[in-house]
Amino acid sequence: MHRLAGALGVAALLLGAGPGQATTAPVTLSIACGALGVELQLCADAVGRWEKQTGVAVKIVTTPNSSTDRLALYLQMLGAHTDALDVLQIDVVWAGMLASHLTDLAPYMGDAPAGHFPALIANDTVDGRLVAMPWWTDVGVLYYRKDLLARHGFQPPRTWAEMTTIAAAVQQGERRRGRRKLWGFVFQGRAYEGLTCNALEWIASFGGGTILDDTGKVTVDNPASRQALTLAASWVGGIAPRGVLNYDEEAARGVFQTGNAVFMRNWPYAWALAQGADSPVRGKVGVIPLPAGSPGGTSAGVLGGWHLAVSRYSRHPAEAAALVRFLTSAAEQKRRAVRASYNPTVPALYQDPQVLEANPFFADLLTPLESATARPSRRAGPHYNRLSSDLWRATHDILAGAPVAARITALATDLRRLRYRAQW
Ligand code: GLC
């Protein structure tokens with residue numbers, strides 16, 4: 001009953017019912033948005049438009065940049081069953097972990113889910129309930145300095161070994177020319193979810209699998225994983241500054257965008273910022289799929305992205321769901337793509353001339369996105385964060401100098417124990 005009454009209320013508001021005709025008491029929603037790059041501004045603009053259309057007031061709650069810190073905040077708030085958050089921006093890997101705290105959105109979305117990548121809708125469907133709607137999708141990509149590669153006579157790399165060689169040569173050549181602060185490669189090396197993404201990309205692209213296989217068995221302890229992480233460890237203090245052990249997305253972008261790195265691993269959002277009017281590297285940047293482990297091997301950009309969910313403890317689920325439907329619509333996703341290169345979750349937008357004009361590399365991203373490497377979050381379900389933190393801690397230790405083979409074996413032992421307890 002409450003749900004239906006709420007839905008009717010929002011319908012009346014969306015149809016522009018005047019104050020005298022309002023069917024519900026004034027509602028104020030709150031939405032938790034990220035603030036990485038221009039995220040917060042984009043969120044505020046879109047929410048502002050919806051407020052004007054509907055007359056519903058929305059409070060924006062900012063959340064920490066690190067996906068890991070954001071999860072801790074949500075777990076704390078949802079665990080307390082607070083009604084202080086109605087709409088939450090959740091990471092693609094959290095659907096299984098947070099499902100029990102989230103509202104089933106299916107009754108509110110009509111045919112909207114059919115317009116999104118089916119794999120993302122499947123990701124958000126937990127035990128038959130649609131617990132979130134995709135807002136934007138992400139895939140790890142390699143940014144490079146076109147001008148510096150051209151000056152030193154290199155083509156963009158296809159393998160990690162080539163990337164390593166080029167990064168070292170350009171770093172050395174440029175330093176000789178007096179550019180003392182130039183580094184070859186920056187990535188996300190801090191101990192958090194971002195490092196899990198990087199580690200999985202290295203391991204999977206060397207043919208080392210995705211930590212668990214399809215049956216949930218732990219597969220990470222293998223020669224290809226050792227090879228991948230040995231190469232990655234060799235970067236730290238060589239082509240990458242030691243500080244990379246504490247870099248998240250924005251720290252890496254800071255170094256690259258000020259002109260101090262040849263290559264950067266990041267998500268597509270960094271493109272619009274690198275191309276911004278005030279960016280020192282504007283016009284000098286190329287974006288390509290991440291390198292493969294071996295010639296002819298696969299590139300393994302990890303699937304990322306953020307979705308919108310409604311808290312089960314919201315007092316206004318119908319209004320909150322209406323806001324989610326508006327924000328995740330094709331029109332809003334197009335606006336975000338054109339203005340700030342956020343990848344739509346609506347495949348039709350990858351053929352949209354304005355989207356492609358603003359983001360020439362999007363046409364080449366459709367395949368990497370469709371074949372992106374998924375983190376093992378569906379298999380691990382509620383235990384994903386534990387699995388991921390074991391992986392990022394082991395990877396961080398290896399990047400900081402721990403013996404590769406022994407540390408991967410210890411990781412596999414921890415994960416097998418976790419599997420036994422979690423029964424996945
Ligand atoms: C990006 C991705 C997200 C990932 C995070 C890791 O925000 O969209 O899926 O977990 O980076 O730092």
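In plain terms, the two heavy atoms of V87 and V324 that are nearest each other are CG1-CG2, 3.8 Å. Closest heavy-atom contact between A321 and L105: CB-CD2, 4.1 Å. Listed here is the closest heavy atom pair of G184 and V262: O-CB, 3.4 Å. Here the closest non-hydrogen pair linking L327 and A46 is CD2-CB, 3.5 Å. When all heavy atoms of W135 and C33 are compared, the pair lying nearest together is CH2-SG, 4.5 Å. The shortest heavy-atom contact between P317 and V310 is CA-CG1, 4.2 Å.
Surrounding CZ of R49 are more than 12 heavy atoms belonging to other residues, nucleotides or ligands, all under 6.0 Å away.
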May I have the step-by-step check of side-chain contact (heavy atoms from CB on, under 4.5 Å) for I166 and F185, ending in yes or no? CA-CA 10 Å; I166 299 170; F185 182 41; over 6 Å; no
Checking side-chain contact (heavy atoms from CB on, under 4.5 Å) for the pair M133/H116: CA distance, chi angles, key distance, verdict? CA-CA 9 Å; M133 279 289 286; H116 295 257; 3.6 Å; yes
Using side-chain contact (heavy atoms from CB on, under 4.5 Å), reason through R335 and D45 one step at a time and then give a plain yes or no. CA-CA 10 Å; R335 202 180 59 85; D45 291 352; 4.0 Å; yes
Test side-chain contact (heavy atoms from CB on, under 4.5 Å) on I60 and C43; report intermediate values, then the result. CA-CA 8 Å; I60 295 184; C43 180; 4.2 Å; yes
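In summary, of the residues considered (L399, L200, L391), a side-chain contact (heavy atoms from CB on, under 4.5 Å) with L195 occurs for L399 alone.
Side-chain atoms of R129 come within 3.5 Å of backbone atoms of L102 as a donor-acceptor pair (strictly under, hydrogens ignored). In this structure, the side chain of E319 does not engage the main chain of V56 through any donor-acceptor pair within 3.5 Å. In terms of modelled atom types and a separation under 3.5 Å, the side chain of D83 and the main chain of S314 share no donor-acceptor contact. Under a 3.5 Å cut-off, the side chain of Q333 and the backbone N or O of T328 do form a donor-acceptor pair. A side-chain donor-acceptor contact under 3.5 Å links T219 to the backbone of I211. In this structure, the side chain of T63 does not engage the main chain of A32 through any donor-acceptor pair within 3.5 Å. Put simply, the side chain of D213 gets close to the backbone of T215: a donor and an acceptor are under 3.5 Å apart. Put simply, the side chain of W136 never gets that close to the backbone of G305: no donor and acceptor are under 3.5 Å apart. A donor-acceptor contact shorter than 3.5 Å links the side chain of N123 to the backbone of V92. Panel note: side chain R407, backbone T395; no donor-acceptor pair is recorded below 3.5 Å.
Ion pair D390/R386 flagged as a salt bridge, since at least one NZ, NE, NH1 or NH2 atom sits closer than 4.0 Å to an Asp/Glu carboxylate oxygen. The existence of a salt bridge linking R70 and D248 is excluded, since no basic side-chain nitrogen approaches an acidic carboxylate oxygen closer than 4.0 Å. Under the 4.0 Å criterion applied to side-chain N and carboxylate O atoms, R145 and D147 are assigned as salt-bridge partners.
Atom NE2 of residue H101 and atom CZ of residue R312 lie 9.5 Å apart, to the nearest 0.5 angstrom. Put simply, CG on L323 and CG on L29 are 6.5 Å apart, with the number rounded to the nearest 0.5 Å. Going from atom OG of S311 over to atom CG of L98 covers 10.0 Å, rounded to the nearest 0.5 Å. Note that the CG atom of L415 and the CZ atom of R419 stand 11.0 Å from one another [nearest 0.5 Å]. Atoms CG and CG, on D104 and L130 in that order, are 6.5 Å from each other to the nearest 0.5 Å. Rounding to the nearest 0.5 Å places CG of D91 at 9.0 Å from CD of Q89.
Within the 4.5 Å cutoff, the side chain of W424 has heavy atoms near those of the L387 side chain. The closest side-chain heavy-atom distance from V236 to R242 is below 4.5 Å. Between R190 and V244, the closest side-chain pair of non-hydrogen atoms is not below 4.5 Å. Contact annotation: the side chain of I288 approaches that of P157 to within less than 4.5 Å [non-hydrogen atoms, C-beta and beyond]. Side-chain contact check for P134 versus I121: some heavy-atom pair is nearer than 4.5 Å. Residues F187 and W202 have side chains in contact (heavy-atom distance under 4.5 Å, counting atoms from C-beta outward). At least one side-chain heavy atom of V218 sits less than 4.5 Å from a side-chain heavy atom of L212. Side-chain atoms of L71 and L75, non-hydrogen and from C-beta on, do get closer than 4.5 Å to each other.
Residues meeting the side-chain contact (heavy atoms from CB on, under 4.5 Å) test with A84, sequence neighbours left out: M77, T82. Under the side-chain hydrogen bond (donor to acceptor under 3.5 Å, both in side chains) criterion, S225 pairs with N222, sequence neighbours left out.
Identified under the salt bridge (Lys or Arg N to Asp or Glu O under 4.0 Å) test for residues 340-368, with sequence neighbours left out: K334-D352. Applying the side-chain hydrogen bond (donor to acceptor under 3.5 Å, both in side chains) definition to pairs two or more places apart or across chains, those involving residues 265-289 are Q188-R265, E201-R265, E249-W267, E250-Y269. Contacts classified as ring pair (Phe, Tyr, Trp, His ring centres under 6.0 Å) and involving residues 68-87 (residues at least two apart or in different chains) are given here: Y74-W94, H81-Y313. Residues in residues 297-309 take part in these side-chain hydrogen bond (donor to acceptor under 3.5 Å, both in side chains) pairs, two or more places apart or across chains: D124-H307.
With no hydrogens or angles considered, a side-chain donor-acceptor pair links Y384 and E193 at under 3.5 Å. Between the side chains of D221 and T409, a donor-acceptor pair is found at a separation under 3.5 Å.
Aromatic ring pairs are classed by plane angle as parallel below 30°, tilted from 30° to 60° and perpendicular above 60°; the pair W235 and W160 is tilted. Between F326 and W50, the angle of the ring planes lies from 30° to 60°, which puts this pair in the tilted group. Y350 and F117 have tilted rings, their planes meeting at an angle from 30° to 60° on a 0 to 90° scale.
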